[in-house]
There are 2 protein chains.
Amino acid sequence: MSAVGRPTSKDVAQEAGVSQSTVSLVLGGKWTGRVSPATARSVRSAAERLGYRPNLAARNLRLGTTRTVLLMVPTLTAPFFGPVYTGAARVAARHGFGVVVATWPDDAHGPAGEVCPGPPSYTPPDGPFASPDEAIDGVLASSMAVEALARFRETPAVMLDSGPSAPDGGIPTVDFGVAEGMRAIAEHLAGLGHRRIGHVAAAVDQWTFRARARALAAAVAAVPGGTLSRSMCAIDVTSAKNAAGRLLDRADRPTALVCDDDLIAAGAYKAARARGLDVPGDLSVTGFDDVLLATALEPELTTVRLPAEELGAQGMTALLDLLSGRRPAPRVLPGELVPRDSTAPPSG
Amino acid sequence: MSAVGRPTSKDVAQEAGVSQSTVSLVLGGKWTGRVSPATARSVRSAAERLGYRPNLAARNLRLGTTRTVLLMVPTLTAPFFGPVYTGAARVAARHGFGVVVATWPDDAHGPAGEVCPGPPSYTPPDGPFASPDEAIDGVLASSMAVEALARFRETPAVMLDSGPSAPDGGIPTVDFGVAEGMRAIAEHLAGLGHRRIGHVAAAVDQWTFRARARALAAAVAAVPGGTLSRSMCAIDVTSAKNAAGRLLDRADRPTALVCDDDLIAAGAYKAARARGLDVPGDLSVTGFDDVLLATALEPELTTVRLPAEELGAQGMTALLDLLSGRRPAPRVLPGELVPRDSTAPPSG
DNA sequence: CTGAAAGCGCTTACAG
DNA sequence: CTGAAAGCGCTTACAG
């Protein structure tokens with residue numbers, strides 16, 4: 001073994017008394033019929049003895065491939081994206097790929113000028129140098145604008161939860177059946193007898209929220225006597241509470257609040273209780289996504305389950321297809337209505 | 001530019017009419033005083049024209065470093081670890097490092113035999129080959145057993161939220177002041193007049209939970225007349241509800257339930273309401289962590305705020321120190337009691 | 001069955 | 001100020 005640092009295949013070769021190429025053959029699993037079993041055994045044991053781990057940079061350089069895929073998500077702080085990662089990583093692992101996560105830059109940059117004194121200083125070189133996370137074979141981009149993919153012009157990519165792409169040679173997509181989900185909610189509420197619906201909508205410029213708003217509007221319009229009011233908010237409890245409150249303070253108060261997200265529904269609960277309104281007795285509330293929170297709330301939330309882990313898994317499958325030269329067809333994962341205890345017939 | 005694939009520095013050199021080494025010097029930002037400004041300009045513009053991006057594998061191989069750090073967390077599905085990543089990534093980015101995330105293997109492997117037909121098949125080579133995520137300079141390991149670090153024997157590592165390490169040359173650590181936090185909760189409850197305390201404890205073999213149990217037991221023992229009962233559960237709402245229920249059904253029902261985690265507290269709320277007990281009128285409940293859920297619940301949860309993002313940031317700072325040859329001192333981030341509406345004096 | 005050699009695309013002495 | 005060359009540690013034809 002060389003004087004310093006990790007052992008290389010050369011060190012293993014020397015230890016085993018064979019050539020470096022033989023080591024590579026054996027440890028790469030391509031030796032059968034080319035290397036004698038006895039030699040193979042001795043190589044393996046030498047590698048073991050030295051604690052040999054191959055240098056991935058060298059292999060990647062030689063192979064021109066990294067067997068690594070980048071998953072881009074808006075944030076890891078929202079409860080939705082953990083499962084997306086989990087699903088993607090599971091499928092990737094089965095095919096010998098790794099997944100690295102990147103969040104939008106603004107997620108990685110907190111308020112300026114805080115935190116931790118005295119780390120080593122490093123000035124990134126000027127010039128068009130890549131950040132470390134770009135040694136990848138492909139990218140899985142979730143819940144983003146198509147334009148944001150521009151920097152990956154040359155990289156095989158699949159878009160997740162971003163809406164259908166251009167029909168002509170567009171990027172492969174995997175989406176949720178958001179419109180069907182919203183329609184199911186509207187029909188559920190209409191079936192209970194609700195007519196005055198309020199939409200507590202996320203003020204986030206993403207396809208998924210535009211699709212939700214569009215679908216809800218259409219579905220309510222299809223209900224005889226159905227009316228829709230809307231209030232926008234950020235995806236946090238306080239903002240949602242305020243937005244829901246605005247709807248509840250109207251003269252023609254809605255009997256049901258359709259929320260764009262489970263967290264927003266939590267805010268709606270608060271707005272209701274602050275006004276002495278019982279959920280679901282005086283007001284029905286629905287969520288969207290079915291994250292953990294939905295069953296932690298009381299009453300448990302009627303919502304639409306979006307299979308986030310499946311989104312990651314299907315997206316990774318599509319990307320692996322793409323990397324193998326196939327053209328995956330667009331996929332849509334159905335959202336499923338999960339009726340729980342936050343919806344009931346309107347009172348009075 | 002070569003017939004196929006991305007342009008290399010050689011292509012840029014040819015385009016600019018200079019040598020490859022000059023390109024490397026210029027784009028690496030090490031040219032001042034060694035290359036004429038005019039040449040530098042022409043190199044830059046050639047690189048731009050060709051859309052040149054350096055090959056990271058080659059650079060890593062040459063430099064023997066990847067400027068990438070691995071963050072190991074138990075799961076990304078729990079709301080706690082997103083912020084840890086965010087804090088770590090923010091500090092890393094400031095120093096030109098990237099962060100890749102790995103979860104415990106069991107997080108990446110769902111139920112067998114499901115999902116997605118027909119992806120390209122790949123059999124990982126036998127032998128001691130690394131998975132793609134191991135081309136790293138160091139590791140940040142959160143909330144894990146020290147033993148699990150064995151595979152990183154040779155890799156600089158910092159342990160997060162895993163308890164103090166061996167005093168002699170142990171791995172650097174960043175921990176939360178979990179014991180102080182638990183003590184603050186106990187004192188808060190004692191101050192309100194509570195004596196019969198129930199502990200709804202996470203049945204998870206991690207330092208942080210052992211420390212919570214130990215600290216709570218000691219703090220309750222220090223209260224005159226204080227008694228502690230305990231019930232264990234998994235960290236999910238249903239399991240927590242059952243465990244809390246067992247405590248509430250005892251003859252000497254506790255007047256306060258101390259929960260190891262905010263999600264467990266949500267289960268405790270449910271157990272209370274199922275028995276017609278008002279929180280906090282009939283029963284005080286406390287959580288731990290202060291995740292989003294804490295303020296989504298009603299009443300809002302009295303809990304201990306653990307600065308998860310700061311844990312990631314401080315951990316990364318320590319790791320960068322370590323990579324620079326310094327020995328970071330162990331750090332403890334204080335947990336802060338956040339009194340909200342789920343605690344009150346005991347009734348009767 | 002085994003080994004010598006080329007080459008992936010960089011960075012960095014070294015020579016001029 | 002600029003270029004030719006070595007070498008990081010692999011994989012894979014190719015020759016024997």
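We name chains A, B, ... by the order of the sequence lines, and we start the count at 1 in each one. Given the structure is predicted, the values throughout are model-derived calculations rather than measurements.
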Distances under 3.5 Å between nitrogen or oxygen atoms of protein and nucleotides 14-16 of chain C:
none

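Remark: T39(A) is in phosphate contact with dT2(C), judged by side-chain N or O atoms under 4.0 Å from OP1 or OP2. For dG3(C), neither phosphate oxygen OP1 nor OP2 lies less than 4.0 angstrom from any side-chain nitrogen or oxygen of S21(A). S19(A) has a side-chain polar atom (N or O) that falls below the 4.0 Å cut-off from OP1 or OP2 of dG3(C). Phosphate contact (OP1/OP2 of dT12(C), side-chain N/O of K30(B), threshold under 4.0 Å): present.
By the side chain to side chain contact (heavy atoms under 4.5 Å, CB included) test, A38(A) is found to be paired with S36(A), R41(A), residues two or more places apart in sequence or in another chain being considered. Every side chain to side chain contact (heavy atoms under 4.5 Å, CB included) that T173(A) has, sequence neighbours left out, goes to M159(A), S165(A), D175(A), P330(A). Residues passing the side chain to side chain contact (heavy atoms under 4.5 Å, CB included) test with A46(B) are V12(B), E15(B), A16(B), R49(B), sequence neighbours excluded. For R34(B), there are no salt bridge (charged side-chain N to carboxylate O under 4.0 Å, His left out) partners, not counting sequence neighbours.
The side chain of A58(B) approaches dG9(C) more closely than any other nucleotide in the set dG9(C), dG9(D), dT11(D).
Atoms CG (N60(B)) and C1' (dC8(C)) sit 14 Å apart, rounded to a whole Å. If you measure from atom CG of L63(A) to atom C1' of dG7(C), you get 13 Å, rounded to the nearest angstrom.
With pairs defined as Watson-Crick or G-U wobble and both atom distances under 3.5 Å, the stems of at least three pairs that touch DNA chain C come out as C:1-3 with D:14-16, C:5-12 with D:5-12, C:14-16 with D:1-3.
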